[in-house]
Amino acid sequence: MEDAYARSVTEVLDFFGVDPKRGLTDAQVTQHARLYGKNVLPEEKRASFWKLVLKQFDDLLVKILIVAALVSFVLALINGDTGLTAFLEPSVILMILAANAAVGVITETNAEKALEELRAYQADIATVLRNGCFSILPATELVPGDVVEVAVGCKIPADMRMIEMLSNQLRVDQAILTGESCSVEKELESTTATNVVYQDKTNILFSGTVVVAGRARAIVVGVGTHTAMGGIHDSMLRTEDEVTPLKKKLDEFGTFLAKVIAGICVLVWIVNIGHFRDPAHGGFLRGAIHYFKIAVALAVAAIPEGLPAVVTTCLALGTKRMARLNAIVRSLPSVETLGCTTVICSDKTGTLTTNMMSASKVCVLHTVQHAPVISEYSVSGTTYAPEGTIFDSTGLQLELPAQSPCLLHIAMCSALCNESILQYNPDKGNYEKIGESTEVALRVLAEKIGLPGFDSMPSSLNMLSKHERASYCNHYWEDHFKKISVADFTRDRKMMSVLCSRNQLQLMFSKGAPESIISRCTNILCNDDGSTIPLTASIRAELESRFHSFAGKETLRCLALAFKRMPMGLQSLSHNDENDLTFIGLVGMLDPPREEVRNAMLSCMTAGIRVIVVTGDNKSTAESLCRKIGAFDHLADLAGHSYTATEFEELPALQKTLALQRMALFTRVEPSHKRMLVEALRHQNEVVAMTGDGVNDAPALKKADIGIAMGSGTAVAKSASDMVLADDNFATIVAAVAEGRAIYNNTKQFIRYMISSNIGEVVCIFVAAVLGIPDTLAPVQLLWVNLVTDGLPATAIGFNKQDSDVMKAKPRKVNEAVVSGWLFFRYLVIGAYVGLATVAGFIWWFLYSDSGPKLPYSELMNFDSCSTRETTYPCSIFDDRHPSTVSMTVLVVVEMFNALNNLSENQSLLVIPPWSNLWLVGSIILTMILHVLILYVHPLSVLFSVTPLSWSEWTVVLYLSFPVIIIDEVLKFFSRSSTGIRWFSFRWRRPDSLPKKELHEK
């Protein structure tokens, strides 16, 4: 029944054909179960294990590598190759791909836990009326039309419409669904409002919420997926995982690279068609196969096999650094996504605030000697911890607050007229409440006021253990006053009273809504001397004015406190006793903002990140909070910046678009609104981070580019998120954004390093093929360079230090290419030099090396016809391992120098020296040690087809390698110079060299 909230109790009962005194019959239960379904959230159909495995290989670069591995394997069989070297390359490639696939499968298997944990919020049992009898049944057996009884502590088993109140009131904590910081009072009357949200449905009990006060009966109107919780479940099912900005750019880069590789491979093969018939190959077909092997080697050289592993490692390093900032990353790619976040949609309750109701203002009558003087006190402390001080209106701290008569009576009333419990949880290391948050706030206020008669009171209390300190002062008053009778809170009285006795004195303490308490008071307590005087019209008007100021301008939740001396021997209270009260004071409470939030807001504005506060609370309360935390500091007027969900939905399409661009506050929202907000912002090409802690936040957390859950939040929210804040602090998000930006900068640097290195390998093979000289590098050597000598320094580049101005720049655009036109030109130049230096080392050994044959260049070019003509040298010289060893060593050393170039994109090595990143220095040393090992350790040198080098050969290697630093220093100089960039103004007629999508993919 969709509109049960708008129907009367009789209409709802008639709709389901149920007698409220007897409940459903067995026949009706069977019929309704068949008609409406079971009260369970259905399990999602999971992809099979093999589908998940195959999904990991659905990547163009991966497919090219698989083809290259298979072709290498087939060619090895055709050539009759045997031994480890023949199958090493395809085996290593396939092992790398298998490892990557395993990581992907594990990640995806853990991804959908949120849907399972959502079921934990379903009640296990319910007290149901059927066939005229009450019985306890599993909640899964409920059907629409069942009459259910609920009481304090009950978890609501389904969406239900209230039909009968069995106590003075019924209050429900529905924060997990709506985010409201206080419990909600439920009623029987139907709702007449239009465009209602969950908060307006005051006669509906929502599945998964908890009763905190009272007892009632209700009729089930929605089960399973037709409940509010079921709607969240469906919303999460409909939400598909989005590709992160870096993944998109890497995919685009992969597509671009694949096309380039295919083109070059075909070109190399076509260029050498004339050599297919060379006698050295033993026929046209074998010649074609030989050059096909070269093309395959080229593909292996061009593809950075280690790139996925290095990206993962760099992001993992980032997660460790973030963990130290209290940001626990659940999804590795989200680390980088933080760096380009443009909008943070922040939940109010528990994220910007502490979600712990605290007394912040106290108002009492000071004196009436000349004229009524009202005193205001402010109270520090924003949590349930009994730590805080009280300040007078001039800002001076009260050393002994309990010496003030009004504050003393406020402490007594707060402790005695109270049903809540405040306790310390040693496992969590914090103070926790049981009961209403407003009552706990009064208990904490009593602790802050302290006890009378002890000059050393504050220091003495601090000596107690946290367990004893939690309610020490409250227990003191409870021990000295014996509770005789309690008049519970009712909606018509809007107050609660308790009768206490002490030493032949009986007092009644009352607390409640200020308008209700003040109207029943005839006297008022003075704070200067403790005297009681009549409550005149002028004093009453002044109190009401302060109350309206607290509740209106400051949006505080207010309670008035009063007492009355009662006759001895009275054993119970009647409502008539609650007249002629003596007014004590007014207490204003709020869910206080976190202290760090204001500075974090300022950091966001400086970094070009817009913050939208999203909450289920009412508009005035949220606007007051936003003013306190600085969210409105940059706004002269709130018009067009603050909307309720209903106001926003009523806007025309064009105005909605404009409103989204200016919005700073979104109130009275329910889960569907949060998800809608994320989708609308992403449609405007924003990168959205969404924070939340409740079950209601889960769909939006999953839909956002990066979902951020609170550590104290629900398991559902955590599982649907990409990141969890261990300290629930908004300021931690800002620190994580800075870390995300730094990680992206480092990621960019090592990607560029690997690109330039791979360009060098491609140039090396391509130039050798065009010149017609022997293969400079064996495939196994290329694989070693790509995986080990490239991978270690690339990973170490991830340790580059964060720039000092990282949070002063605007967020990068989502469609910003990893490598732009000018940079691609730079790395083409560097790559070209790397390749040419590698070929030069190979040619040098044949032409000029003292240990080489010193051949004429023409002989080297005609090496493949050596066996068909007479020569002054043996043809076996072309199988010597020295030239390829020199080439491989030049390639390794030049890439080590190139790694130093990548300490910064544009800064000179004179400004950022190598020792600024000792990890990089260490990786270079380790790489060179590994390289020396394969040269000088016999089994390894055979495996990699290398041989030891002489000192003269090492000298030539250094001469050929070092110039890469000089070349990049010149290019960096042009990068720092605006004239240099303008000189490269053609930029291939577009702003970047890689294909990119202009719009954020939906």
Side-chain angles (χ1 to χ4, degrees), residues 1-45 115 118-151 154-166 170 172 174 177 186-191 196 198 201-211 215-235 237 671 695:
M1 192 176 186
E2 297 293 333
D3 61 345
Y5 60 88
R7 305 281 190 95
S8 67
V9 172
T10 305
E11 285 179 303
V12 177
L13 291 170
D14 291 343
F15 180 87
F16 291 108
V18 61
D19 179 355
K21 301 298 182 185
R22 294 192 55 79
L24 294 176
T25 63
D26 290 339
Q28 284 179 306
V29 170
T30 304
Q31 181 187 357
H32 288 194
R34 186 171 60 252
L35 194 61
Y36 301 109
K38 287 189 173 183
N39 186 30
V40 291
L41 296 178
E43 292 190 20
E44 184 198 11
K45 291 182 180 177
L115 293 172
L118 194 57
R119 296 189 187 94
Y121 290 88
Q122 293 179 286
D124 296 324
I125 55 173
T127 305
V128 189
L129 177 65
R130 285 181 183 174
N131 301 309
C133 299
F134 277 103
S135 57
I136 297 174
L137 298 175
T140 54
E141 294 183 13
L142 287 180
V143 296
D146 265 326
V147 175
V148 177
E149 187 167 308
V150 295
C154 282
K155 189 180 287 185
I156 305 299
D159 279 8
M160 305 191 295
R161 166 68 160 89
M162 294 269 292
I163 60 171
E164 185 181 357
M165 194 78 75
L166 301 176
L170 184 81
V172 177
Q174 54 188 42
L177 186 66
K186 295 296 180 178
E187 55 190 25
L188 299 177
E189 289 76 19
S190 58
T191 304
V196 294
Y198 291 144
K201 299 177 183 178
T202 52
N203 53 24
I204 300 292
L205 305 179
F206 295 106
S207 174
T209 59
V210 179
V211 179
R215 183 166 155 257
R217 285 181 190 164
I219 182 171
V220 176
V221 295
V223 295
T225 56
H226 299 290
T227 61
M229 205 66 75
I232 293 173
H233 180 272
D234 288 346
S235 180
L237 280 178
V695 172

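These numbers were taken from a predicted model, which means no experiment stands behind them.
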> Going by the side-chain contact (heavy atoms from CB on, under 4.5 Å) test, name the single residue among I219, V150, N203, I204 that passes it with M160.
V150
> Calculate, to the nearest 0.5 Å, the distance between atoms CD and CE belonging to E187 and M165 respectively.
8.0 Å
> So, for F206 and I156, which heavy atoms are closest and what is the spacing to 0.1 Å?
O-CB, 3.3 Å
> Looking at OG1 of T202 and CD of E189, how far apart are the two atoms once the value is rounded to the nearest 0.5 Å?
8.0 Å
> Side chains of H226 and S207: closer than 4.5 Å at any heavy-atom pair?
no
> May I have the step-by-step check of side chain to side chain contact (heavy atoms under 4.5 Å, CB included) for Q174 and K186, ending in yes or no?
CA-CA 11 Å; Q174 54 188 42; K186 295 296 180 178; 3.0 Å; yes
> Going by side-chain contact (heavy atoms from CB on, under 4.5 Å), name the residues that satisfy it together with L129, two or more places apart in sequence or in a different chain.
F134, V147
> For L137 and L142: C-alpha separation, side-chain torsions, deciding distance, then whether side chain to side chain contact (heavy atoms under 4.5 Å, CB included) applies.
CA-CA 8 Å; L137 298 175; L142 287 180; 5.8 Å; no
> Working to the nearest 0.5 angstrom, can you tell me the gap between R7 CZ and L13 CG?
12.0 Å
> Between F16 and H32, how do the two ring planes meet: parallel, tilted or perpendicular, split at 30° and 60°?
tilted
> S190 and S8: which non-hydrogen atoms are nearest, and at how many Å?
CB-N, 4.3 Å
> Kindly give the heavy-atom pair with the smallest separation between V18 and G145, and that separation in Å.
CG2-O, 3.6 Å
> Does E141 reach the main-chain N or O of P138 with its side chain, forming a donor-acceptor pair under 3.5 Å?
no
> What distance separates D146 CG from N39 CG, expressed to the nearest 0.5 Å?
9.5 Å
> Look up atom NZ in K155 and atom CD1 in I125, then write down how far apart they are to the nearest 0.5 Å.
11.0 Å
> Would you name the heavy atoms of A158 and V220 that are closest together and state the gap between them?
CB-CG1, 3.9 Å
> Can you name the closest pair of heavy atoms from V12 and A4 and give their distance?
CG2-O, 4.0 Å
> Determine whether T140 and K38 make a side-chain contact, defined as any pair of heavy atoms from C-beta on separated by less than 4.5 Å.
no
> Looking at CG of L170 and CG of L188, how far apart are the two atoms once the value is rounded to the nearest 0.5 Å?
9.5 Å
